[in-house]
Amino acid sequence: MCATSPPKTETDGSDLSAAERKSMSLTLADEIRNRLGDLSPAERKVARVLLAGYPAAVFETVATIAERASVSAPTVLRCASRLGYKGFPDLQAALRSELDARTASPITLYETAESSQRRSVPERSEEVSGPRLEERSALLQQAVSQTFKEVAPQEFSDAVRLLSDPRRRVHVAGGRFTHLLAQYLGLHLTQFRDQVDFLPDRDVERASFLTQLTRRDVTVLFDYRRYEADKTVIAELAREHGGKVIVFTDPWLSPAAAHADVVLITQVTSDSPYDSLTPALALIEALVAAVLDQVGNEGHERMKRAESVARRAGLL
């Protein structure tokens with residue numbers, strides 16, 4: 001480590017082993033950013049080239065990266081070593097694993113877990129495993145805690161500011177499973193603020209809806225692996241019309257995040273083939289509470305009016 005390196009904090013991840021960083025679901029880009037302080041000035045040039053073109057730049061040749069960073073080829077190799085890898089091919093292999101994880105399906109995760117379990121406990125076939133409720137509870141608690149620890153306060157504050165602004169219209173959309181999260185957020189917001197809706201499901205209605213986006217709109221998207229191409233297109237269209245975009249996603253980052261004003265990353269760690277959405281749900285509830293606090297008395301009055309109407313209409 002360089003003598004001029006800044007002191008490490010408990011949460012920056014820069015003094016963790018590769019295995020520990022992997023268990024925290026840090027991406028290679030996260031690792032590079034966390035280790036910038038450990039690099040020499042020349043090595044930092046390499047790191048910035050890798051980050052600027054991430055992930056494609058990592059798969060360039062050492063010579064190409066060296067040329068773009070205006071350094072020598074050995075400097076690129078030293079940079080990979082300083083980042084904790086045996087060499088540049090090892091760093092590229094780590095990214096391939098990350099990209100595989102981004103597109104992993106429940107079937108892939110199930111087969112991987114089954115294979116790992118067979119290798120690790122070959123002699124336990126006669127044992128009947130219980131539901132392991134305590135272990136699963138601990139895993140979920142850790143995922144929720146890590147999510148809240150890693151969410152950037154400024155990102156959260158920006159989301160609260162956008163969603164509490166009465167001049168803005170809010171649109172929410174999710175995916176195969178995450179449409180449930182989108183509905184959960186949207187239904188709560190409709191209780192205490194106006195102009196909240198869901199992107200239509202039918203193609204003709206959705207196309208018409210997207211053509212009407214303006215700079216007053218805030219589009220909230222939920223996109224978790226395996227990512228859905230339409231979420232990226234929606235984010236692009238929203239930004240092209242001058243609107244704001246909030247994206248909820250996993251540590252591997254939806255492509256839609258590249259077009260977002262706010263990115264809220266939640267852990268998906270699970271002991272099943274399915275990613276856990278519990279941390280995302282917990283973050284949504286914290287966001288709803290914060291938005292309601294920001295809206296204040298107007299939100300309270302809106303809730304009372306909605307309650308009165310619902311009772312008169314026999315909806316309660």
Side-chain angles (χ1 to χ4, degrees), residues 13 16-28 30-31 93-151 172-187 220-231 247-257 263-288:
L16 300 174
S17 68
E20 288 170 326
R21 292 196 296 271
K22 184 176 180 181
S23 71
M24 291 174 62
S25 297
L26 292 179
T27 65
L28 178 60
D30 292 329
E31 294 181 28
L95 180 58
R96 289 191 187 93
S97 296
E98 176 185 316
L99 296 179
D100 287 342
R102 288 185 71 195
T103 57
S105 69
I107 293 175
T108 302
L109 295 173
Y110 182 85
E111 291 172 348
T112 300
E114 283 286 290
S115 176
S116 176
Q117 187 175 29
R118 283 195 298 270
R119 289 196 302 270
S120 61
V121 287
E123 304 296 331
R124 296 182 58 188
S125 59
E126 73 281 359
E127 296 184 14
V128 179
S129 64
R132 305 193 338 247
L133 189 58
E134 289 186 5
E135 294 177 30
R136 289 182 166 135
S137 172
L139 190 63
L140 284 176
Q141 290 179 50
Q142 181 181 4
V144 171
S145 176
Q146 186 176 339
T147 292
F148 277 78
K149 210 177 281 186
E150 294 177 352
V151 167
V172 294
R176 287 178 295 271
F177 286 90
T178 55
H179 73 278
L180 299 171
L181 296 178
Q183 290 180 350
Y184 192 75
L185 172 61
L187 289 174
V220 185
L221 300 172
F222 292 81
D223 195 26
Y224 288 69
R225 64 176 186 182
R226 295 169 283 174
Y227 310 111
E228 299 176 11
D230 70 309
K231 303 304 179 297
V247 172
F248 281 78
T249 188
D250 52 44
W252 298 279
L253 295 184
S254 157
V263 179
L264 297 173
I265 299 171
T266 66
Q267 293 298 313
V268 295
T269 307
S270 169
D271 63 349
S272 85
Y274 297 99
D275 286 339
S276 173
L277 297 180
T278 300
L281 184 62
L283 187 61
I284 288 171
E285 293 188 340
L287 183 62
V288 167

Which value, rounded to the nearest 0.5 Å, describes the distance between [X] atom [atom1] and [Y] atom [atom2]?
{"X": "Gln267", "Y": "Leu139", "atom1": "CD", "atom2": "CG", "result": "10.5 Å"}
{"X": "Leu181", "Y": "Thr266", "atom1": "CG", "atom2": "OG1", "result": "8.0 Å"}
{"X": "Leu281", "Y": "Thr147", "atom1": "CG", "atom2": "OG1", "result": "11.5 Å"}
{"X": "Leu185", "Y": "Thr178", "atom1": "CG", "atom2": "OG1", "result": "12.0 Å"}

Is any side-chain heavy atom of [X] less than 4.5 Å from a side-chain heavy atom of [Y]?
{"X": "Leu277", "Y": "Tyr184", "result": "no"}
{"X": "Tyr224", "Y": "Phe248", "result": "yes"}
{"X": "Asp271", "Y": "Arg136", "result": "yes"}

Exercise for review: Output, in order, the C-alpha distance, side-chain angles, deciding distance and verdict of side-chain hydrogen bond (donor to acceptor under 3.5 Å, both in side chains) for Gln146 and Gln142.
Suggested key: CA-CA 6 Å; Gln146 186 176 339; Gln142 181 181 4; 4.8 Å; no
Review point. Should we count CZ of Phe148 as having more than 12 external heavy atoms under 6.0 Å?
Key: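 Yes, the 6.0 Å shell around CZ holds more than 12 heavy atoms from other groups.
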Please find the pair of heavy atoms, one from [X] and one from [Y], that lie closest to each other, and give the distance.
{"X": "Ala182", "Y": "Gly174", "answer": "CB-N, 3.7 Å"}
{"X": "Gly186", "Y": "Val172", "answer": "CA-CG2, 4.3 Å"}
{"X": "Leu140", "Y": "Ser276", "answer": "CD2-OG, 3.3 Å"}

Practice item. Please say which of Asp250, Thr249, Asp275 ends up in a side chain to side chain donor-acceptor pair (under 3.5 Å) with Arg225. Key: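 Running side chain to side chain donor-acceptor pair (under 3.5 Å) over Asp250, Thr249, Asp275 with Arg225 returns exactly one hit, Asp275.
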**Study point:** Test applied, side chain to side chain donor-acceptor pair (under 3.5 Å); reference residue, Ser137; option that passes from Glu134, Glu135, Gln141
**Key:**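 Checked Glu134, Glu135, Gln141 against Ser137; only one passes side chain to side chain donor-acceptor pair (under 3.5 Å): Gln141.
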Point to revise | Whether Glu228 side chain and Arg176 backbone form a donor-acceptor pair below 3.5 Å | key: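 Indeed, once roles are kept as given, a pair shorter than 3.5 Å links the two residues.
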**Study point:** For Gln183, side chain to side chain donor-acceptor pair (under 3.5 Å) partners two or more places apart
**Key:**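 Not a single residue meets the side chain to side chain donor-acceptor pair (under 3.5 Å) criterion with Gln183.
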